[in-house]
Amino acid sequence: MQIISFLGFTALVAIISYLATRKSNEDSSDGYFLGGRSLTGVVIAGSLLLTNLSTEQIVGLNGSAFKEGILVMAWETLAAIAMVVTAVFLLPRYLKGGITTVPQFLEKRYDKMTKTITSGLFLSGYVVVLLPIVLYSGALAINSMFNVPDMLGVSKTAALWITVWGIGIIGSVYAIFGGLKAVAVSDTINAVGLLIGGLLIPFFGLLAIGEGSIGDGVSTLMETNPDKFKALGGPESAIPFGTIFTGMMLVQLFYWGGTNQAIIQRALGAKNLKEGQKGLLLASGIKILGPLIVVLPGIIAFHMFGDTLENPDEAYPRLVTEVLPAGLVGFFAAVLFGAILSSFNSALNSSVTLFGIDIYKSHINKEATEKQTVFAGKSFGMVLAILSMCIAPLIANAPDGLFGYLQEVNGCYSIPILTIIVVGYLTKYVPAIAAKVAIISGVVLYSLSQFVVKPFVVGADNYPHFLHVMAILFVLNVIIMLIIGKLYPRKEAFVLEFTKQVDITPWKHLKTVGIAICVIVIGIYVYFS
């Protein structure tokens with residue numbers, strides 16, 4: 001029953017995605033990389049949510065909630081504010097300049113070498129960190145829910161390799177051969193299923209705790225685990241309260257504010273600015289409900305299983321199999337499988353875009369046609385997919401849980417890139433050399449800080465939280481860029497030209513809805529403080 005419902009829902013999504021995209025021009029770089037700039041607000045919102053909400057979020061963040069409680073909701077709720085900032089301030093500038101990739105803006109603002117360095121950083125981050133972690137966390141969830149080792153009669157390690165490669169191959173087909181529109185349509189369908197299935201987990205979990213009553217389940221959960229419902233973390237917690245105002249907001253702006261290609265590419269594919277802003281704000285409003293899916297189940301799992309789990313990242317898959325009726329496990333596994341594919345194929349599609357436009361056409365074959373550029377990107381994507389599938393099973397023992405490890409390692413490239421984007425937008429005379437210095441110093445200093453000084457010189461117990469380190473290095477790199485800009489300014493001020501590729505008339509309810517979302521987020525923190 002579980003296998004049948006799993007295969008049925010997965011096949012349905014694949015068929016609908018194919019029918020929705022079979023008439024698109026995949027040989028056009030605009031059609032392939034940006035879905036022909038035809039995405040509506042609803043499709044953008046669904047694609048944004050599912051791109052973000054994969055197993056590194058669902059499994060990893062619930063694992064963190066199992067240990068830390070509700071304070072880890074900061075990764076979700078504060079994202080809503082960052083998405084509002086993107087809709088109001090950043091997206092209009094991207095669409096005005098006809099930007100296809102983030103590094104494209106950097107080329108216009110600085111120079112081609114800055115763009116190439118940034119694209120290289122993105123690609124290295126995808127292949128070494130993001131793609132392997134998505135594959136590993138997804139394989140862990142599927143193996144636990146279907147008991148794959150026993151089903152196939154193999155060891156856990158062998159089952160992990162098999163599942164990783166299965167997910168990777170299917171995700172590669174979606175991303176490499178379908179283009180962004182295929183990815184976005186399948187994401188939207190899966191987003192609906194994920195929201196429904198994701199909410200069923202806490203629903204049945206609270207029913208189990210409350211012996212048939214949701215209200216009693218909530219009361220019992222909060223009364224017996226009061227420490228798990230404190231939103232403001234202490235100095236020793238995974239997210240100390242002070243980090244919300246330092247590195248946390250920088251990470252959110254990096255992820256949602258236009259510097260993460262896998263995310264912003266959905267908004268860049270909007271048919272106009274109005275649809276792009278509606279999509280971002282719709283996604284941010286739903287994002288506020290995210291803790292119900294990626295935090296609350298972890299606390300429920302702690303109440304039910306206590307300290308019996310050695311690996312907190314196994315809490316969510318075990319809770320699913322414990323509380324869901326047997327007939328729904330297969331459906332939810334299919335939805336979760338869609339979420340796994342979403343993050344994998346979205347990052348892979350973004351990698352294909354970055355390589356095809358920012359590296360192949362810019363440096364390898366400057367006279368390449370659109371068809372040649374797309375083919376080169378697809379070929380690179382296949383190589384990248386194979387590398388990530390080889391690396392994924394090797395990170396099985398990630399320190400501090402999947403989600404914390406992912407965020408800390410991402411700092412190697414997220415903060416340097418965010419620095420040059422922010423300075424590039426807010427100044428007109430800072431030169432290209434300043435951007436190059438900031439990128440190199442940011443990567444080197446953060447890597448030395450977290451992987452040399454912290455473990456081998458000072459010790460983890462006496463070292464600042466990595467989010468504070470991000471903020472310190474961000475400020476330092478901004479100062480370096482401004483000093484260089486003062487000493488060696490550009491000869492001419494930078495002006496972002498309007499390419500008129502899309503209508504940039506803003507949505508009339510933008511400010512009202514944006515303010516309402518920010519007020520709700522602040523209210524949640526006040527309530528749980």
Side-chain angles (χ1 to χ4, degrees), residues 53-79 133-134 136-138 140-141 144-145 198 201-202 205-206 208-209 217-218 220-244 247-248 251 290-323 395-411 450 454-455 459-461 463-468 524-525 528-529:
L53 197 60
S54 184
T55 43
E56 80 274 10
Q57 293 279 131
I58 299 174
V59 175
L61 204 50
N62 272 304
S64 297
F66 181 89
K67 295 187 297 182
E68 300 277 353
I70 201 174
L71 66 89
V72 301
M73 74 176 182
W75 295 111
E76 285 292 298
T77 51
L78 295 181
I133 285 182
V134 169
Y136 167 70
S137 58
L140 179 66
S144 299
M145 292 173 67
I201 306 305
L206 291 173
I209 294 174
V218 173
T220 301
L221 190 65
M222 297 186 70
E223 290 172 2
T224 55
N225 306 279
D227 292 340
K228 298 291 184 182
F229 288 92
K230 295 180 179 179
L232 307 183
E236 303 301 322
S237 67
I239 307 176
F241 177 65
T243 62
I244 292 177
M248 174 62 75
V251 170
L292 294 177
I293 298 175
V294 298
V295 176
L296 182 57
I299 301 175
I300 294 173
F302 177 82
H303 178 86
M304 295 180 66
F305 311 134
D307 297 325
T308 60
L309 292 179
E310 295 182 4
N311 182 2
D313 290 323
E314 295 178 358
Y316 190 78
R318 180 173 173 182
L319 181 67
V320 170
T321 56
E322 288 283 339
V323 302
I395 59 172
N397 297 316
D400 301 325
L402 284 172
F403 198 76
Y405 174 74
L406 172 63
Q407 297 299 335
E408 182 171 5
V409 176
N410 273 346
Q450 298 307 112
K454 177 181 175 180
D461 294 337
Y463 206 73
H465 194 279
F466 74 88
L467 289 173
H468 286 317
I524 291 173
Y525 266 90
F528 285 105
S529 61

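In this chain, numbering begins with 1 at the start of the sequence shown.
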| Which heavy-atom pair separates His465 from Ala238 by the least distance, and what is that distance? | NE2-O, 2.6 Å
| note | Separation between OH (Tyr316) and CG (Leu309), nearest 0.5 Å, reads 15.0 Å
| query | For His468 and Thr243, does a side-chain donor sit closer than 3.5 Å to a side-chain acceptor? | reply | no
| request: State which residues pass side-chain hydrogen bond (donor to acceptor under 3.5 Å, both in side chains) with Glu314; sequence neighbours excluded, sorted by chain then number. | output: none
| task | Please report the shortest heavy-atom distance between Gly60 and Asp313, naming the atom on each side. | result | CA-OD1, 3.8 Å
| Say you draw a straight line from CD1 of Ile299 to CG of Leu319; how long is it, rounded to the nearest 0.5 Å? | 12.0 Å
| field | 4.5 Å side-chain heavy-atom contact, Lys67 and Phe302 | value | no
| query | Taking all non-hydrogen atoms of both residues, which atom of Ala74 and which atom of Met248 are closest, and how far apart? | reply | CB-CE, 3.9 Å
| message | As an exercise, state the distance from CE of Met304 to CZ of Arg318, rounded to the nearest 0.5 Å. | response | 8.5 Å
| remark: Interatomic distance, CG@Leu296 vs CG@Leu221, rounded to 0.5 Å, equals 6.5 Å
| field | Nearest non-hydrogen partners of Pro291 and Thr77, listed with the distance | value | CG-CG2, 3.7 Å
| request: Measure across Phe66 and Ala315 and return the closest heavy-atom pair with its distance rounded to 0.1 Å. | output: CD1-CB, 3.7 Å
| message | Could you tell me if the side chain of Ile293 sits less than 4.5 Å from the side chain of Ile201, heavy atoms only? | response | no
| Where do Leu71 and Ala231 come nearest, in terms of heavy atoms and distance? | CB-O, 3.6 Å
| said: On the six-membered ring of Phe528, is Lys230 placed so that its NZ or CZ lies under 6.0 angstrom from the centre and within 45° of the ring axis? | reply: no
| query | Roughly how far apart are Thr220 OG1 and His303 NE2, rounded to 0.5 Å? | reply | 6.5 Å
| request: Kindly write out the residues that satisfy side-chain hydrogen bond (donor to acceptor under 3.5 Å, both in side chains) with Tyr525, not counting sequence neighbours, or none if the list is empty. | output: none
| Are side-chain heavy atoms of Pro202 and Pro297 found at a separation under 4.5 Å? | yes
| query | Is there side-chain contact between Ile524 and Met73, with heavy atoms separated by less than 4.5 Å? | reply | yes
| field | Separation between CE of Met222 and CD1 of Ile70, rounded to the nearest 0.5 Å | value | 7.5 Å
